[in-house]
Structure formats: C-alpha cells, structure tokens
Amino acid sequence: GGQAGPVDPQAWDSAVARLIRAGHSLHAVLGYSVPQAVAFLRIEGQLERQRLAQLVGVVAVAAQGEKRSIEQLQHDLLKE
C-alpha cells in the first residue's frame, strides 16, 4: 500500500469528540490505532443512526397528538 495523505486536524478533532461523546475516555482514544478508531467510529455512527430513527418514531407519535398513543410510547420507553 501507499502512504496515506495528511490527516485533516479538524476531522481528527471531530472524530475524537464523537468517541468521547460515545463514552470513550480521551486517554483511551489517544491510545487507539487508526483501524481501532475507524471501527469505533463506524459503530458509533450506526448507533447514532439507530437512535435518530427511534427519535423520528417518537416525534411522529407525539405529532399525532393522540394522548393514548403518547402514553403507550412513554410506557414502552420506560419499562425495563
């Protein structure tokens, strides 16, 4: 393989921030290899997309404004 080009510092900052927001410590993130960081970022992206998809469902139910639907959703979200 060839040499990778220069890394955009802003992109790296954003990647570190995403991993920290996902629960990784700065110390841990700085110790990750590039393939590890990429794998964690890929997983974090998948989880974020799933969370957003769920949020769309919550907003859709709330937008309908039916009290029964909203109460049922709240019940479903709060059960363990």
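Just so it is clear, the structure is predicted and the values come from calculations on it, not from any experiment. Start at 1 with the first residue, then count along the sequence.
For the pair Arg21 and Glu44, the minimum side-chain heavy-atom distance is below 4.5 Å. Looking at heavy atoms from C-beta onward, Arg51 lies out of side-chain contact with Leu47 at the 4.5 angstrom threshold.
Here the CD-CG distance, from Gln50 to Leu55, works out to 13.5 Å after rounding to the nearest 0.5 Å.
Looking at every heavy atom in both residues, Arg18 comes nearest to Gly45 through NH2-N, 3.7 Å.
The local environment of CD in Gln10 is sparse, with at most 12 non-hydrogen atoms from other residues, nucleotides or ligands closer than 6.0 Å.
Leu41 and Ile43 fall into different hydrophobic clusters, where Ile, Leu, Val, Met, Phe, Trp and Tyr residues are linked whenever their side-chain heavy atoms come under 4.5 Å apart, directly or through other members. One hydrophobic cluster holds both Leu77 and Val61 under the rule that ILVMFWY side chains link at heavy-atom gaps under 4.5 Å. Hydrophobic clustering (side-chain heavy atoms under 4.5 Å, transitive across Ile, Leu, Val, Met, Phe, Trp, Tyr) groups Trp12 together with Ile20.
Among residue pairs with one or both ends in residues 31-51, those qualifying as ring pair (Phe, Tyr, Trp, His ring centres under 6.0 Å) are His24-Tyr32, His24-Phe40, Tyr32-Phe40; sequence neighbours excluded.
For Ser14, there are no side chain to side chain donor-acceptor pair (under 3.5 Å) partners at least two apart in sequence or on another chain.
Although no hydrogens or angles enter the test, the distance criterion places a donor-acceptor pair under 3.5 Å between the side chain of Gln36 and the main chain of Ser33.
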